[in-house]
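A short write-up of the structure that comes next.
In what follows, chains are A, B, ... by sequence order, proteins preceding strands, each numbered from 1.
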Amino acid sequence: MKTFYITTPIYYANSLPHLGHLYTTIVADVIQRYKKQRGFDTYFLTGTDEHGINIQRAAEKEGRTPKEQVDYVSAELKKMFAEFGLNTENGGYNIFMRTTERFHYEGAQTLWREILKNKTPKGNAPIYKGFYEGWFCAPCAAFKLEDEYYTVEGSDIPLCKIHERPLDKVSEESYFFRLSDYGDELLRIIEEKPERIRPEARRNEVVSFIKSGLQDLSVSREKKSVSWGVPVPGDENHVMYVWLDALSNYITAIGYGNSEKTGFDKYWQNVTHLVGKDILRFHTVYWWAFLLAAGISLPETIYAHGMWLDAEGRKMGKTLGNVIEIEVLQKYFQVDAIRYFVMREMVFGQDGKFGYENLIDRANADLASGLGNLSSRTLSMISKYRDGLIASGKIRESNYLNAKRAGINADEQELVSVLQHTRDEFLRRFDNFEFSQALELIWTVIARIDKMISDAKPWELIKDENQAETLNAVLYRALETLRWISVLIYPVMPESARKIYAQLGLNDDIAKINPENLVWGELAANAKIGETQAVFPRLDKKKIMSEIVENGKLKMENEASTENAGEKTTNEQPATNDEQFITIDDFYKVELKIGEVKVCERIPKADKLLRFEIDLGEEKPRQILAGLAEYYEPESLIGRKVVVVANLKPRMMRGLESQGMICAASLEDGTGEKPAVATFLENVDIGARLK
RNA sequence: GCCCCUGUAGCUCAACGGUUAGAGCAGAGGACUCAUAAUCCUUUGGUUGGGGGUUCAAAUCCCUCCGGGGGCACCA
């Protein structure tokens with residue numbers, strides 16, 4: 001039997017469940033169900049990556065042991081997956097992998113030993129002991145490169161650009177993986193079969209990365225600095241570093257190097273790794289090199305999918321308050337509607353926009369008005385006109401003319417070939433990860449059947465005894481098409497597909513029907529349809545949106561009052577649409593003042609920043625940094641009166657504290673944005689407030 | 001800075017170098033009643049980012065400019 005193994009990344013047990021986790025896992029689940037229908041013996045892995053310094057730190061912060069910490073996070077994730085029907089019980093993943101499990105330790109260590117046994121393509125030992133030294137940021141859990149930190153004058157300890165805290169000089173013994181020996185081999189492999197890495201644009205990035213030269217990779221940490229990990233075989237002082245540990249989960253989970261799990265020989269031959277585009281490189285360059293080193297065959301496909309942006313196309317983030325909340329999705333939307341939305345809306349491999357409004361629109365237009373309504377009107381007519389009995393769709397020759405009068409082609413073959421073609425094309429698209437386009441095809445068929453019904457007007461046919469067969473044919477064709485559609489959409493919307501299927505009066509397991517084998521006419525005549533019920537409820541857009549917005553506001557207020565005062569008040573934006581207003585009180589939170597520029601100078605090595613000292617009528621002038629250096633000569637600004645946001649939280653830039661912000665218009669002149677500093681025509685007093 | 005991708009209707013996306021560049025949503029008008037205010041018909045809307053070039057033929061290939069996104073290593 002053909003096998004198919006699909007994996008999501010194992011999610012780092014550092015952050016609580018979010019849309020990204022949900023999305024990738026849904027996609028994997030859809031593909032897995034699809035392949036199963038197509039007759040593959042499938043295996044579906046998801047899970048959590050539970051080692052590393054970040055986990056250790058997070059645990060310390062929460063007053064837990066690392067194990068307690070990862071137990072908590074992985075349980076949360078499992079809970080979410082269960083609620084979305086992605087767990088084993090609901091036909092979802094086969095294993096929820098956890099890297100803290102014993103079998104994984106065994107497997108990862110076996111992998112290490114196997115690598116040690118071999119030689120690199122250039123005849124060297126793949127792993128050697130070396131010395132790793134660098135500036136280390138604990139919250140980032142990473143050594144920082146030159147452009148990732150900055151230094152304050154008078155100090156030689158650099159600060160992390162992200163966390164604005166001092167870095168530690170870390171110098172430690174480390175095992176290195178001789179990645180530098182694998183570049184040529186990797187390039188050859190990619191060239192040989194480029195489709196292994198998709199989409200193409202991402203593959204190009206990987207190729208150019210390899211071509212730029214690979215450096216050896218540190219694959220261990222000393223236990224004294226990172227203890228939370230898989231011990232390096234034969235060296236008590238080291239634990240494996242994240243990537244080797246984490247990536248190996250894909251094989252340890254199916255029994256590589258351990259006896260607890262099974263399936264490696266069976267499933268590894270055809271594996272698809274779904275990854276976010278941000279971790280593609282690790283899944284190609286590093287992972288492949290590890291596998292080559294261990295003499296294990298490479299994965300069949302690595303597919304990097306895009307990220308979800310907000311409705312306006314901005315990155316989602318806490319500061320913008322534009323994150324899609326899992327709880328909101330759960331509260332207002334059917335699981336299948338969400339599944340449909342993510343598969344239909346995002347062109348797989350590209351970034352997509354996710355807004356609650358778009359989701360409602362899709363659910364209403366495609367599901368409620370489209371598929372739901374078609375099934376509803378069809379079944380309703382069967383009940384009303386035929387007492388719930390499915391009549392044969394055959395039209396006898398003597399009735400051809402009647403059918404023609406009603407606008408119905410007596411020969412159903414035309415519709416049959418449309419359906420077959422749609423099915424074939426759907427499968428082709430699906431096999432090629434073109435889910436959005438595959439689904440679109442189904443909806444052209446729905447429109448076609450809707451049109452057939454409108455043309456034939458069953459409500460008039462019923463009044464004419466001579467049109468009994470025409471009416472039967474219309475109803476049968478609609479029903480039979482619904483049967484096909486149910487089977488095709490099953491991977492994307494399992495519950496709904498099952499519901500529709502059952503309403504057609506069928507009771508075999510749709511999950512096991514191979515769409516390839518669909519044959520027109522297999523819906524038996526004289527059978528009774530099932531109990532009719534609406535499959536996709538129409539969503540009240542106004543009501544739901546206003547509730548979401550209201551709750552969002554409440555949540556923000558709660559967060560604002562519990563978090564450090566003032567921090568979030570200035571950079572928050574309305575969560576959803578542009579019909580929102582701020583109150584006058586909101587405005588007053590921003591303290592805009594007139595200040596006079598006393599000092600203005602360039603900052604060494606910073607091409608955009610200018611350093612100002614601005615008199616706001618306070619005891620001493622404020623130091624403010626502003627990105628105006630590309631557009632203004634420092635001298636020309638001295639003496640100018642400018643508008644300053646006076647109560648902005650100070651922040652460090654280039655090692656200097658900026659205690660406010662200078663307001664400027666952002667102008668488009670065709671060459672890009674240019675700022676124009678706000679000024680007054682009248683003479684204004686220093687320190688005056690704008691209101 | 002170097003490299004990659006991308007730009008098509010108001011929005012989201014299609015279109016082996018080959019008919020008059022198409023769908024869906026949104027908008028306007030009409031029809032209908034089986035259906036979840038649904039469906040059907042008609043209709044508005046395009047200098048395919050700009051400019052050059054190759055070709056019998058360009059959204060598609062090449063050059064260039066402009067805009068958007070992304071990659072340039074040890075962070076899942």
Problem - Intermediate values then yes/no, side chain to side chain contact (heavy atoms under 4.5 Å, CB included), A/L371 and A/I500 - result: CA-CA 10 Å; A/L371 180 55; A/I500 295 172; 3.9 Å; yes
Practice task
Walk me through it: do A/D424 and A/R428 pass the test salt bridge (charged side-chain N to carboxylate O under 4.0 Å, His left out)?
Solution key: CA-CA 6 Å; A/D424 295 346; A/R428 191 182 67 77; over 6 Å; no
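Comparing the P positions of B/U54 and B/C13 gives a spacing of 34 Å, expressed to the nearest Å. With C1' as the reference atom, B/G49 and B/C5 are 16 Å apart, rounded to whole Å. Comparing the P positions of B/A21 and B/C16 gives a spacing of 15 Å, expressed to the nearest Å. For B/A14 and B/C65, the C1' atoms lie 28 Å apart once the distance is rounded to whole Å. With P as the reference atom, B/C61 and B/G7 are 10 Å apart, rounded to whole Å.
Within 4.0 Å of A/K315, counting heavy atoms only, lie sugar-phosphate atoms of the nucleic acid but no base atom. Residue A/A246 is out of contact with every strand shown, counting any heavy-atom pair closer than 4.0 Å. Contact annotation for A/A447: backbone-only contact, meaning every heavy-atom pair under 4.0 Å involves sugar-phosphate atoms and none involves a base.
Of the candidates B/A14, B/G24, B/U39, B/U39 carries the atom nearest the A/S369 side chain, counting heavy atoms from C-beta on. You'll find that the side chain of A/F282 is closest to B/C75, out of B/C75, B/C25, B/C4. Residue A/V347 places its side chain closer to B/C13 than to any other of B/C74, B/C13, B/U39. If you check B/U39, B/C75, B/C74 against the side chain of A/Q215, the one that comes closest is B/C74. Closest to the side chain of A/Y12, out of B/C4, B/A76, B/C40, is B/A76. Ranking B/U33, B/C72, B/C25 by closeness to the A/R281 side chain, first place goes to B/C72. Set against B/U39, B/U36, B/A76, the side chain of A/R377 has B/U39 as its closest nucleotide. For A/F209, the listed nucleotide lying nearest its side chain is B/A73; candidates were B/G24, B/U39, B/A73. Looking at the side chain of A/N54, the nearest of the listed nucleotides B/C75, B/U36, B/U39 is B/C75. Checked against B/U36, B/C40, B/A14, the side chain of A/S376 finds its nearest nucleotide in B/U36.
Along RNA chain B, the nucleotide nearest to A/D361 and the one nearest to A/L367 differ in position, and the one closer to the 5' end is contacted by A/D361. Nearer the 5' end of RNA chain B, as judged by each residue's closest nucleotide, is the contact made by A/N204, out of A/N204 and A/W459.
Summarising the geometry, the separation between CD1 on A/I453 and C1' on B/C41 is reported as 16 Å, rounded to the nearest angstrom. Between the CG atom of A/L441 and the P atom of B/A15 there is a distance of 12 Å, rounded to whole Å. The distance between atom CG of A/L280 and atom C1' of B/C75, rounded to the nearest whole Å, is 15 Å. B/A73 atom C1' lies 14 Å from atom CG of A/L186, rounded to whole Å. Atom P of nucleotide B/C40 and atom NZ of A/K457 are separated by 13 Å, given to the nearest angstrom. In this structure, OH of A/Y286 is placed 10 Å from C1' of B/C75, rounded to the nearest angstrom. For the pair A/I10 CD1 and B/A76 P, the interatomic distance rounds to 10 Å; values are reported in whole Å. In this structure, CG of A/D351 is placed 12 Å from C1' of B/G68, rounded to the nearest angstrom.
Side chain of A/E222 to main chain of A/E173: a donor-acceptor pair is present (N/O by atom type, distance under 3.5 Å, no hydrogens or angles). The backbone N or O of A/F176 sits nowhere less than 3.5 Å from a side-chain atom of A/D216 that would complete a donor-acceptor pair. Side-chain atoms of A/Q503 come within 3.5 Å of backbone N or O of A/Q533 as a donor-acceptor pair. A/N249 places a side-chain N or O within donor-acceptor distance of the main-chain N or O of A/A246, the cut-off being under 3.5 Å.
Phosphate contact (OP1/OP2 of B/A23, side-chain N/O of A/W443, threshold under 4.0 Å): absent. At the phosphate of B/A31, neither OP1 nor OP2 sits under 4.0 Å from any side-chain N or O atom of A/K451.
Atom CZ of A/F177 sits about 4.5 Å away from atom OH of A/Y182, to the nearest 0.5 Å.
Across the strands present, B/U36 finds no partner; the criterion is a Watson-Crick or G-U wobble pair with both atom distances under 3.5 angstrom. Across all strands shown, B/C66 is found opposite B/G7 as a Watson-Crick or G-U wobble partner, with both distances under 3.5 Å. When both distances must be under 3.5 Å, the Watson-Crick or G-U wobble mate of B/C72 is B/G1. For B/G18, the paired base is B/C56 (Watson-Crick or G-U wobble, both distances below 3.5 Å). Across all strands shown, B/G27 forms a Watson-Crick or G-U wobble pair, both distances under 3.5 Å, with B/U43.
Within the cation-pi definition used here (under 6.0 Å to the ring centroid, within 45° of the axis), A/R221 qualifies as a partner of A/Y132.
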